[in-house]
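Basis for what follows: all heavy atoms, side chains included, without hydrogens, waters or symmetry-related copies.
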Amino acid sequence: MAKKKSTRKAAKATKKKAAAPKKKTGAAAKKKAKAGKKEPAKKQSGKKKAAARTVKKKRPSKSVSAILGRARVAATAELDQFFVKDYEARQVFTFLGVKSLKELETYSPDEIIEKLTGPMVQTVTRIRKALALQNRCLKGDQKFAAQVKQQMQAALKH
C-alpha cells in the first residue's frame with residue numbers, strides 16, 4: 001500500500017507542475033512587459049532626419065443633447081406659439097424670416113445682433129450725411145460732417 005500512496009503523490013505533483021501560470025492582461029501586464037524589455041541604444045548618424053508630422057486625433061465634440069439633456073420642445077415647434085408673451089422676440093423672428101426653433105438654431109447670437117443692427121447703422125449713417133449736406137450735425141459729430149462736406153466738394157470739382 002505504501003507504493004500506491006507514493007505514486008498518487010507523484011501524479012499530483014506532476015499535475016501541479018504542468019499547469020502553466022495565467023498571463024496577466026491589462027495595464028499592469030503592459031507596464032511589466034515594457035520594464036522587462038530593454039531596447040539597444042540607437043546610433044546617431046551624421047545626417048539629420050526630418051521630424052515626422054504628428055496628427056492629433058480630433059475628439060468627437062459632445063452633442064448639444066449630451067450637454068443640455070433631452071430637448072423639452074420639438075425642433076419643429078412654431079416660435080410664435082413658444083414666445084406668445086414676448087412681442088419683441090416675435091418681431092425679431094419675423095425680421096429673420098424664421099418660423100421654427102430648428103431654423104432659429106442655425107443662427108449664432110452674434111449673427112442675429114449683426115443682422116438686426118446692420119440696417120440701423122446704415123440708417124444713422126444716411127441721417128449723418130443728410131445733415132452734413134445741410135451744414136448741420138449730430139451732437140459731437142462735427143468731424144464727420146466736415147469730412148462729408150470735403151468729399152462732396154471734391155466730387156463736384158472732378
Interatomic spacing from [atom1] in [X] to [atom2] in [Y] - rounded to 0.5 Å:
| X | Y | atom1 | atom2 | result |
| --- | --- | --- | --- | --- |
| E114 | L116 | CD | CG | 10.5 Å |
| L104 | K99 | CG | NZ | 14.5 Å |
| F93 | I112 | CZ | CD1 | 7.5 Å |
| L101 | Q81 | CG | CD | 10.5 Å |
| D86 | L79 | CG | CG | 11.0 Å |
| C137 | K143 | SG | NZ | 12.5 Å |

Minimum heavy-atom distance between [X] and [Y], given as atom pair plus value:
| X | Y | value |
| --- | --- | --- |
| V84 | R90 | O-NH2, 3.2 Å |
| V98 | Y107 | CG1-CE1, 3.6 Å |
| A132 | A145 | CB-CA, 3.7 Å |

Legend entry - Contact check, side chains of R128 and D141, non-hydrogen atoms, under 4.5 Å: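 SC-SC contact between R128 and D141 confirmed.
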
Legend entry - Any E103 side-chain heavy atom under 4.5 Å of L96 side chain: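 No. Closest side-chain heavy atoms not under 4.5 Å.
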
Cluster link [X] to [Y], ILVMFWY, side chain under 4.5 Å:
| X | Y | answer |
| --- | --- | --- |
| L133 | L131 | no |
| V124 | F95 | no |
| I113 | F83 | no |
| M152 | F144 | yes |

Inset, instruction - Answer yes or no: does atom CD of E78 have more than 12 heavy-atom neighbours from other residues, nucleotides or ligands under 6.0 Å? - result: no

Legend entry - Donor-acceptor contact present, side-chain E111 to main-chain S108, <3.5 Å: yes

